[in-house]
2 protein chains.
Amino acid sequence: MLNQNVSNTVAALPCTSCLRHSACLGACVQDAVGAEGENACITTMTLQRGQPLFRAGDAVDAVYIVQSGALKSRRHSYNGEEEIVAFRLPGDSVGLDAIGNREHGTEAVALCSTRVCQVPLTTLRREVHASPAVASHLLDDLGREIGQLQEHLRDERRTAQVRIAAFLLAQLQRRRRLFGAQIDRFTLPMTRIDVGRFLGLATETVSRMFTRLQTDGVIACEGNSVQVLDSTMLARLADVAESFQPLARVA
Amino acid sequence: MLNQNVSNTVAALPCTSCLRHSACLGACVQDAVGAEGENACITTMTLQRGQPLFRAGDAVDAVYIVQSGALKSRRHSYNGEEEIVAFRLPGDSVGLDAIGNREHGTEAVALCSTRVCQVPLTTLRREVHASPAVASHLLDDLGREIGQLQEHLRDERRTAQVRIAAFLLAQLQRRRRLFGAQIDRFTLPMTRIDVGRFLGLATETVSRMFTRLQTDGVIACEGNSVQVLDSTMLARLADVAESFQPLARVA
DNA sequence: CGGCCAATTGAACCCAATCAAAGAATGTGG
DNA sequence: CCACATTCTTTGATTGGGTTCAATTGGCCG
């Protein structure tokens, strides 16, 4: 969509200009480092659509935080097909999944014009020891990463419609957390193809589920802009849809 | 199977008696703490089959390392069905997925008589700051946790037979890494039901795939003891089975 | 022995993948 | 600015793999 010719700029912008400052690992590191080390620590860069932040096999030398835009973390299966492991939205850390490794196992690609904040790994490792706040923040982000993956595993047993509903809700919930507005109307930064490769569904199935949700009056969408008309029904589809039975809790 | 009446014993055994000492996070912490704090730091406990190490909702106050036996990390879906997130084998950390949270989101249950080593979270957090080795080890274990979850996500697109083959290989490879023997013959600590709830398959499908692998001469199994007859074929089923096509690598 | 649980096998059904094709949207080059 | 190319999206028809339902066997334990 917005495919301006923005080059891969690296600037020493102050991280304090970031909207997500309070919840940002990078900002936390910067506070620990102190103002004097500002320029040596945090840098920002802008990626255009399709541009990789890092590739699989690249050395792990930094962690990134999304300031605006969106990325997908992906890898390729043995037959060469794209598998999307996670979408990275503003406030998310990128590259944490390679911590403990020398090389990245996945690659991160911008879905649209995207600004990220870079924290060198040497700085991060140093501050983990120096600052309890940084260590705590890092563990929080890692825990979030694990939690999201575990949540994603739920999809294994779900039907296509439930997966789509849960996916939309996840997008909603995360956006609700980040901002405080635009709850019922937002724009998906990823294509239907991306959604399919994230959820393990064929593109056609994704499309069909979107149209079904539309005909059922749950959502209205035009292209990638989605409006939630009946959030109650959407939540019911995502959660309770599986438990219309008396639901006896297992001991 | 082996369901002796072993009670939940807590003893101050020295961690050095553990076979997996070199690769164990707990041992690493103990080295950092020093010998004098030995008794106050690391304790071991034995669980019998079905006994929980911790439950969902429990306060996160320790991390555990499996010394012998096996556990499953599970939770319950909205309709009350068991979802198995991971199996924990000797050398694995248990409870790391809740780091960054106050409460456990999953519960860990022993699959058989199991001995685990307990590292209090206060000790761990303290040593993360004090010892670079502990910090590095912790990040390694967290990275492994994330890597396993990402690997598990592959299953989404795979057929039942490929899932089972990959599952057996994962068990094999991990056991091969841990010990140095029993490569082609081993005993699965989990039931077919557990395998199904881990892989997102019906129990009947798991059973069918096992019998198919048997009739194809890939494995021979009697109960939970599995013997791999044709490891090449097993690996081909798990990996290459998806790419009998000319396989054009995506750019 | 009877009850319980795990495992196995068969038959019918169902959801999602696949194949096929056309339309919409976006970007490119003349 | 328009024609063309490419990618994305949508819809229909068909197929297939896995679930579901159902029945049977075998082991373990009270």
Side-chain angles (χ1 to χ4, degrees), chain A residues 1-5 48-50 72 77 79 81-82 109 111-113 155-165 187-215 219 221-226 237 241-242 245 250-251, chain B residues 1-5 48-50 72 77 79 81-82 111-112 155-165 187-215 219-226 237 241-242 244-245 250-251:
Chain A
M1 330 218 109
L2 357 155
N3 200 349
Q4 313 109 314
N5 243 346
Q48 58 180 339
R49 177 180 174 173
K72 56 180 173 183
S77 71
N79 56 27
E81 284 180 0
E82 182 186 41
V109 180
L111 294 173
C112 56
S113 184
D155 288 337
E156 204 100 10
R157 280 281 217 168
R158 290 173 162 175
T159 66
Q161 186 167 24
V162 174
R163 291 189 203 194
I164 295 292
T187 300
L188 292 175
M190 69 290 288
T191 67
R192 306 291 150 92
I193 297 175
D194 287 333
V195 175
R197 295 191 176 158
F198 177 68
L199 295 178
L201 296 172
T203 310
E204 299 93 320
T205 305
V206 175
S207 181
R208 272 184 255 269
M209 293 307 124
F210 268 91
T211 57
R212 186 195 288 184
L213 286 175
Q214 267 192 114
T215 58
I219 64 171
C221 64
E222 184 184 333
N224 286 337
S225 74
V226 176
L237 284 175
E242 317 166 12
Q245 304 297 332
V250 174
Chain B
M1 326 226 110
L2 358 154
N3 201 347
Q4 311 110 317
N5 242 345
Q48 58 180 339
R49 178 181 173 173
K72 56 181 174 183
S77 72
N79 55 26
E81 284 181 0
E82 182 186 41
L111 295 173
C112 54
D155 288 337
E156 202 101 9
R157 281 282 217 169
R158 290 173 161 174
T159 65
Q161 186 166 23
V162 174
R163 291 188 203 194
I164 296 291
T187 299
L188 291 175
M190 68 291 287
T191 68
R192 305 293 149 92
I193 298 175
D194 287 332
V195 175
R197 294 192 176 157
F198 176 67
L199 294 177
L201 296 172
T203 309
E204 298 92 323
T205 305
V206 175
S207 181
R208 272 184 256 269
M209 293 305 123
F210 269 90
T211 58
R212 187 195 288 185
L213 285 176
Q214 268 191 115
T215 57
I219 64 171
C221 65
E222 184 183 333
N224 285 339
S225 72
V226 177
L237 285 174
E242 315 167 14
F244 274 122
Q245 305 296 333
V250 174

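Here is the naming used below: chain letters follow the sequence lines, and residue numbers restart at 1 for every chain.
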At their closest point, which heavy atom of [X] faces which heavy atom of [Y], and how far apart are they?
X: A:Gly196; Y: A:Val206; value: CA-CG2, 3.6 Å
X: A:Leu213; Y: A:Leu237; value: CD2-CD1, 3.6 Å
X: B:Pro189; Y: B:Leu111; value: O-CB, 3.7 Å

Should [X] be listed as having a side-chain N or O under 4.0 Å from OP1 or OP2 of [N]?
X: A:Thr211; N: D:dT11; result: yes
X: B:Asn224; N: C:dA6; result: no
X: B:Thr203; N: C:dA6; result: no

Rounded to whole Å, how long is the line connecting atom [atom1] of [X] with atom [atom2] of [N]?
X: A:Arg157; N: D:dT20; atom1: CZ; atom2: C1'; answer: 11 Å
X: B:Gln161; N: D:dG18; atom1: CD; atom2: C1'; answer: 13 Å
X: B:Glu156; N: D:dG18; atom1: CD; atom2: C1'; answer: 15 Å
X: A:Ile193; N: C:dT26; atom1: CD1; atom2: P; answer: 14 Å
X: A:Glu222; N: D:dC8; atom1: CD; atom2: C1'; answer: 15 Å
X: A:Arg212; N: D:dT10; atom1: CZ; atom2: C1'; answer: 15 Å
X: B:Leu201; N: C:dA7; atom1: CG; atom2: P; answer: 14 Å
X: A:Gln214; N: D:dT9; atom1: CD; atom2: C1'; answer: 12 Å

Heteroatom pairs (N/O) under 3.5 angstrom, protein to nucleotides 12-17 of chain D:
from	atom 1	to	atom 2	distance (Å)
D:dG12	N7	A:Arg208	NH1	3.1

Walk me through whether B:Leu201 and A:Glu156 qualify under side-chain contact (heavy atoms from CB on, under 4.5 Å).
CA-CA 9 Å; B:Leu201 296 172; A:Glu156 204 100 10; over 6 Å; no
Nearest to the side chain of [X], which nucleotide is it out of [options]?
X: B:Arg192; options: D:dG18, C:dA17, C:dT8; value: C:dT8
X: B:Ser207; options: C:dA16, C:dA7, D:dT9; value: C:dA7
X: A:Ala202; options: D:dC8, C:dA17, D:dT20; value: C:dA17

Below 4.0 angstrom, N of the basic side chain to O of the carboxylate: do A:Glu82 and A:Lys72 qualify?
yes
To the nearest 0.5 Å, how far apart are CZ in A:Arg192 and CZ in A:Arg208?
13.5 Å
For a side-chain contact (heavy atoms from CB on, under 4.5 Å) check, start with the C-alpha distance between A:Val195 and A:Ile164, then their side-chain angles and the critical distance, and finish with the verdict.
CA-CA 9 Å; A:Val195 175; A:Ile164 295 292; 4.1 Å; yes
How would you label the contact of B:Gly200 with the nucleic acid (heavy atoms, under 4.0 Å): base, sugar-phosphate, or nothing?
sugar-phosphate
Taking any heavy-atom pair under 4.0 Å as a contact, classify B:Thr205: base, sugar-phosphate, or nothing.
base
Taking the nucleotide of DNA chain D with the closest heavy atom to each, which residue, B:Arg163 or A:Asp194, is nearer the 5' end?
A:Asp194
